[in-house]
Amino acid sequence: MPDRIDPARLRALDRAHVWHPYGPMPGRQEPLVVESASGVRLRLAEPAHGRTELVDGMSSWWSAVHGYNHPVLNEAARDQLDRMSHVMFGGLTHEPAVRLATRLVEITPEPLQHVFLADSGSVSVEVAVKMCLQYWRSAGRPAKRRLLTWRGGYHGDTWQPMSVCDPEGGMHELWSGSLPRQVFADAPPDGFDAEPDEAYARHLRELVASHADELAAVIVEPVVQGAGGMRFHSPAYLRVLREACDEHDVLLVFDEIATGFGRTGQLFAAGHAGVSPDVMCVGKALTGGYLTLAATLCTSRVAEGISSGDVPVLAHGPTFMGNPLASAVACASVDLLLGQDWELEVKRIGAGLRRGLAEAAGVPGVRDVRVLGAIGVVQLDHEVDMAAATRAAVREGVWLRPFRDLVYTMPPYVTGDDDVARICRAVCAAAKEG
Ligand SMILES: *Cc1c(COP(=O)(O)O)cnc(C)c1O
């Protein structure tokens with residue numbers, strides 16, 4: 001083992017050489033140095049605002065649903081490590097990938113039968129788009145190669161995903177001139193429980209109908225738009241999209257990378273609407289936050305369409321496709337989730353968030369407070385001062401990462417009631433000071 005780098009030197013090297021998400025070079029913010037993590041706590045290498053331990057309110061961007069350093073996931077990783085951490089997937093196969101794919105087919109909506117294992121969420125969206133375009137190409141309709149989505153979405157940072165992120169509010173405005181031009185519907189009206197707006201449903205139907213000849217697919221995040229603005233909408237609009245797509249020969253893609261594995265209160269958010277997509281992406285919580293892995297699932301119709309075309313293969317194959325280590329941990333994580341009453345845990349956390357965040361509604365500058373599943377959001381009426389908000393949360397002993405006008409949390413499912421209450425105090429403090 002190399003000698004430890006002391007925290008001050010580590011920060012200096014980080015600043016000099018290491019890019020961080022959506023950051024400049026050299027970095028402007030001082031990142032906290034995490035030394036280790038266990039359960040729902042991050043242990044810092046040096047104290048920050050009097051804290052050396054922070055309760056994680058972010059689940060490392062929706063992924064660490066079982067918390068950190070989980071004995072079952074550690075064991076799965078160690079066991080696989082002793083066999084092999086990786087072998088190529090071209091011409092070879094192995095139990096972790098086969099087991100995981102089979103498990104995913106079992107737990108996702110019935111028509112989804114085939115699984116492409118990708119190395120990140122963004123890549124799984126690229127694969128989903130490629131599947132849809134190639135399906136129509138194989139069917140002799142190559143003009144069907146555009147995508148329709150609604151505003152306010154987020155689908156990742158590589159090229160095709162960027163083209164369906166919100167064209168204004170998102171992080172990719174910069175590239176609007178270079179990206180494929182997609183068809184955008186208005187953002188879905190707010191509110192999971194809101195009465196569906198008939199005018200909006202008509203808007204969706206009309207847009208699908210009028211672009212049907214050039215549309216390969218509609219792609220949306222079902223029920224919760226995450227990084228695009230943490231907005232919730234009625235599941236009824238997913239049924240509208242399903243019907244419109246069926247009527248006009250357009251494929252439907254659900255990006256469940258953030259919503260999958262119970263976060264919204266259903267195992268997959270599609271379950272709120274009782275509809276199933278033709279193609280579905282999962283990622284983030286797939287490995288319980290241990291390793292990068294995502295999957296694109298599709299129906300037999302899509303797979304057979306692609307495989308009977310003039311180029312009868314799906315031309316995609318990442319070097320680390322089906323990585324055994326990640327697949328083994330993913331299997332263990334899915335089993336761990338389904339082996340407990342996860343619905344009850346998500347409900348419990350949701351109830352705690354509702355209780356603890358109610359106070360934020362009265363804070364000046366707060367526009368809205370909303371909770372769905374184990375997601376709690378405080379929306380401000382102004383851009384959050386990220387440094388001030390983060391500092392306020394750290395003082396409360398909690399890690400949060402606010403953005404735009406949002407202070408939000410999606411805690412690990414193993415977060416105890418006291419820690420949920422602490423996270424809520426931190427969100428309220430961050431909303432006040434940010
Ligand atoms: C995070 C996210 C992605 C991108 O996943 P990466 O693993 O970061 O590439 C895509 N879609 C949604 C809905 C996401 O939340």
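In listed order, ligands and their atoms are each counted from 1. Keep in mind that the numbers below use all heavy atoms, side chains included, and drop hydrogens, waters and symmetry copies.
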Fill in the blank from the handout: heavy-atom search around atom 5 (O) of ligand 1 in the protein gives G121 CA, 3.2 Å
Exercise for the section: Between W61 and ligand 1, find which residue part has any heavy-atom pair under 4.0 Å and reply side chain, backbone, both or neither. Expected result: neither
Fill in the blank from the handout: Atoms of ligand 1 under 4.0 Å from any heavy atom of H155, numbered from 1 in the order shown, are 10 (C), 11 (N)
Problem - Protein heavy atom at shortest distance from atom 2 (C) of ligand 1 - result: K284 NZ, 2.5 Å
Handout entry: Polar atom proximity, E221 to ligand 1 (N or O, under 3.5 Å)
Key = no
Exercise for the section: Name the option, out of A118, S120, G153, S122, that contains the heavy atom nearest to atom 8 (O) of ligand 1. Expected result: S122
Exercise for the section: Examine the side chains of D278 and Y135 and answer whether a donor and an acceptor come within less than 3.5 Å of each other. Expected result: no
Exercise for the section: Could you tell me whether G156 and ligand 1 have an N or O pair separated by under 3.5 Å? Expected result: no
Practice task
Please write down residue, atom name and distance for the protein heavy atom closest to atom 12 (C) of ligand 1.
Solution key: D255 OD2, 3.4 Å
Handout entry: H203 and D197 side chains, donor-acceptor separation under 3.5 Å
Key = no
Problem - Distance-only donor-acceptor check, side chains Q379 and R231, under 3.5 Å - result: no
Handout entry: Interatomic distance, D255 atom CG to I219 atom CD1 [nearest 0.5 angstrom]
Key = 5.5 Å
Problem - Test item: side-chain donor near acceptor, S163 and Q182, under 3.5 Å - result: yes
Practice task
Consider only side-chain N and O atoms of S60 and Y68, and report whether a donor and an acceptor are under 3.5 Å apart.
Solution key: yes
